Amino acid sequence: MDVKFDARAAEQLIQQMSRYCSGVQKETRALLDVTKNNVDWNDNQAKAFQVNVMELAKDLNKALSLESEYLRTYQERVRELRR
């Protein structure tokens with residue numbers, strides 16, 4: 001089986017991954033904004049909600065970290081293949 005390097009496809013994937021990472025960052029900030037604005041809530045579930053949102057934000061940050069690491073590795077491989 002022959003594997004052919006397609007620089008254009010590689011660049012498109014990098015751009016798509018970069019947009020995905022930006023989206024994750026935006027969603028994480030939006031989640032954290034929700035927890036900042038719940039001070040005025042008079043709700044017995046506000047604290048539990050805040051804890052759950054913080055856990056979601058941690059999970060998104062971890063996913064972003066792993067995705068960013070993969071993207072850096074992938075970009076390095078693309079550079080190596082272009083040499």
Side-chain angles (χ1 to χ4, degrees):
M1 177 170 115
D2 281 342
V3 176
K4 183 179 177 185
F5 174 66
D6 184 342
R8 193 170 127 242
E11 289 296 325
Q12 287 176 341
L13 180 59
I14 289 170
Q15 290 171 3
Q16 289 172 355
M17 290 174 66
S18 183
R19 282 192 300 270
Y20 170 78
C21 289
S22 294
V24 170
Q25 287 175 326
K26 180 181 174 186
E27 294 302 319
T28 302
R29 282 192 296 270
L31 278 173
L32 294 175
D33 284 345
V34 168
T35 63
K36 290 177 189 173
N37 296 326
N38 73 349
V39 176
D40 296 331
W41 295 0
N42 188 12
D43 185 341
N44 293 335
Q45 297 298 320
K47 183 65 177 169
F49 176 77
Q50 184 176 15
V51 168
N52 288 334
V53 169
M54 293 300 290
E55 286 301 314
L56 283 172
K58 286 180 195 175
D59 290 346
L60 286 172
N61 279 330
K62 179 65 175 171
L64 181 61
S65 172
L66 294 172
E67 194 73 27
S68 296
E69 183 179 322
Y70 176 79
L71 182 56
R72 281 191 299 276
T73 302
Y74 186 79
Q75 287 173 322
E76 180 59 33
R77 298 299 172 261
V78 168
R79 282 192 292 274
E80 288 173 2
L81 288 169
R82 287 189 167 168
R83 292 183 197 157

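The first residue in the sequence is number 1, and the count goes up from there. Everything quoted here is computed from the prediction, not taken from an experiment.
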Exercise for the section: Only counting residues at least two apart or in another chain, list the ones meeting side-chain contact (heavy atoms from CB on, under 4.5 Å) with Ser65. Expected result: none
Problem - More than 12 heavy atoms of other groups within 6.0 Å of Arg8 CZ - result: no
Problem - Sub-4.5 Å side-chain heavy-atom contact between Leu13 and Gln16 - result: yes
Practice task
Using atom types as modelled and distance alone, determine if a side-chain donor or acceptor of Thr28 lies under 3.5 Å from a backbone N or O of Val24.
Solution key: yes
Handout entry: Under-4.0 Å salt bridge between Glu69 and Arg72
Key = no
Handout entry: Sequence-distant partners of Arg77, salt bridge (charged side-chain N to carboxylate O under 4.0 Å, His left out), two or more places apart
Key = Glu80
Handout entry: hydrophobic_cluster_shared for Ile14 and Tyr70, side chain cutoff 4.5 Å
Key = yes
Practice task
Tell me whether Phe49 is reachable from Leu60 by hopping between hydrophobic residues (I, L, V, M, F, W, Y) whose side-chain heavy atoms are closer than 4.5 Å.
Solution key: yes
Handout entry: Gap between atom CE of Met17 and atom CD of Gln75 - 0.5 Å precision
Key = 8.0 Å
Practice task
Mind checking the CG-CG spacing from Asn61 to Leu56? Nearest 0.5 Å is all I need.
Solution key: 11.0 Å
